[in-house]
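Only one structure is covered here, and it is reproduced in the block below.
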Amino acid sequence: MQEKVYVDTSALIILNKIDALGLLNKIYGNVFITNFINAELSEILPSWIIIEPAHNFEQSFLKNFNLGLGETSIIMNAIKNNGFLIIDDLKARKIATTLSLRFTGSVGILITAKKLGFIYSVKYYLEKIQTTNFRISDALIFKALEIANEK
């Protein structure tokens, strides 16, 4: 069985803003969100984004970390299903690291897409991100371009 891939709201929003949402489907096939993430979105979702209920959300120990409902729910579902996360929130990433969960972020998706030949330039998409309200550090841009061999 293929590993379930869970995507957080912010990753969906930024990838959509830069016309790169379809990369998720090309890389992973179907991806999953929870009902909490679906409630945060205003866009109509493509059929390859599957909504599933959050597992035992009310009893989750993750509620103590003061994450958003979306982050908490996908981390909980990833724990229950041994899933992979696509998550940008720094606090959520730290918790995922503590819990030994595998994850990447929006920039990691761009790097993976280039490595797989789905896009030609990571820099092109990073420049598009910089025209949005999504914050990305110069250090992350430099590192991403270095990994993508676009320095």
Side-chain angles (χ1 to χ4, degrees), residues 1-46 48-116 118-119 122 125-126 128-130 132-148:
M1 183 174 139
Q2 186 177 356
E3 176 179 52
K4 280 190 171 183
V5 176
Y6 291 94
V7 188
D8 189 36
T9 308
S10 64
L12 291 170
I13 290 171
I14 194 58
L15 291 171
N16 191 46
K17 281 185 177 184
I18 64 169
D19 300 318
L21 187 62
L23 293 175
L24 292 172
N25 184 242
K26 287 179 179 179
I27 297 168
Y28 301 108
N30 291 333
V31 297
F32 294 83
I33 63 172
T34 65
N35 49 313
F36 290 105
I37 289 172
N38 187 47
E40 294 174 355
L41 297 170
S42 58
E43 298 90 19
I44 296 174
L45 300 173
W48 49 266
I49 297 178
I50 300 168
I51 304 164
E52 67 178 29
H55 286 286
N56 301 319
F57 184 78
E58 291 305 317
Q59 287 99 26
S60 172
F61 69 95
L62 292 168
K63 287 178 72 174
N64 299 325
F65 290 104
N66 296 318
L67 292 173
L69 294 174
E71 289 98 351
T72 301
S73 65
I74 65 165
I75 290 172
M76 192 68 209
N77 283 23
I79 291 168
K80 294 292 183 186
N81 295 306
N82 194 28
F84 180 76
L85 294 164
I86 299 170
I87 195 162
D88 290 324
D89 180 83
L90 182 60
K91 187 175 181 181
R93 291 168 70 101
K94 287 180 180 178
I95 292 167
T97 299
T98 300
L99 296 171
S100 299
L101 295 171
R102 293 180 344 105
F103 63 88
T104 193
S106 300
V107 174
I109 295 301
L110 299 174
I111 293 167
T112 300
K114 181 175 180 188
K115 286 180 180 178
L116 294 173
F118 296 130
I119 63 173
V122 170
Y125 288 97
L126 292 175
K128 287 181 85 168
I129 289 173
Q130 291 177 304
T132 71
N133 61 348
F134 191 82
R135 291 184 307 244
I136 184 169
S137 71
D138 291 340
L140 179 56
I141 291 170
F142 180 82
K143 185 68 174 172
L145 293 175
E146 183 178 58
I147 292 169

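Small disclaimer: the values here were computed from a predicted structure and weren't measured. All values below come from the heavy atoms of this structure, side chains included, with hydrogens, waters and symmetry mates left out.
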Separation between CG (L24) and CG (N30), nearest 0.5 Å, reads 11.5 Å
Quiz item: Which is it for L41 and I33 under the side chain to side chain contact (heavy atoms under 4.5 Å, CB included) test, yes or no, and what are the steps along the way?
Solution: CA-CA 11 Å; L41 297 170; I33 63 172; 4.2 Å; yes
Of L145, I18, L140, the one forming a side chain to side chain contact (heavy atoms under 4.5 Å, CB included) with L126 is L145
From the list N81, V31, I86, I87, side chain to side chain contact (heavy atoms under 4.5 Å, CB included) with Y6 holds only for N81
I'd like to know if the side chain of D19 pairs up with that of Y125 as donor and acceptor (distance under 3.5 Å, no hydrogens or angles considered). no
So CZ of F134 and OG of S106: to nearest 0.5 Å the spacing works out to 4.5 Å
Here the salt bridge (charged side-chain N to carboxylate O under 4.0 Å, His left out) pairs for residues 86-100, sequence neighbours left out, are none
Closest non-hydrogen atoms of A54 and F36, given as atom of the first, atom of the second and distance, are CB-CE1, 3.6 Å
Any sub-3.5 Å donor-acceptor pair from K114's side-chain atoms to A148's backbone N or O?
yes
> With no hydrogens and no angle check, do the side chains of N133 and K17 hold a donor and an acceptor under 3.5 Å apart?
Replying inline: yes
- Is the closest side-chain donor-acceptor distance between N77 and E52 under 3.5 Å? yes
Output for pair (E40 CD, S10 OG), nearest 0.5 Å, gives 9.0 Å
Heavy-atom nearest pair, L110 first then I119, reads O-CD1, 3.4 Å
| field | Side chain to side chain, Y28 and F84, heavy atoms closer than 4.5 Å | value | yes
Here the gap from E71 atom CD to T34 atom OG1, rounded to the nearest 0.5 Å, amounts to 10.0 Å
CG (L45) and CG (L12) are apart, to the nearest 0.5 Å, by 7.0 Å
Value for CZ (R102) from OG1 (T97), rounded to nearest 0.5 Å, stands at 12.5 Å
F118 meets the side-chain contact (heavy atoms from CB on, under 4.5 Å) criterion, sequence neighbours left out, with L23, K26, I27, A113, L116
Scanning both residues in full, the closest heavy-atom pair of F103 with A96 reads CD2-CB, 3.7 Å
On a heavy-atom basis, the closest approach of G70 and S73 is O-OG, 2.9 Å
message = So L85 and I75, do their side chains get closer than 4.5 Å, heavy atoms only?
response = yes
Residue pair I14, I129: steps toward the side chain to side chain contact (heavy atoms under 4.5 Å, CB included) verdict
CA-CA 7 Å; I14 194 58; I129 289 173; 4.1 Å; yes
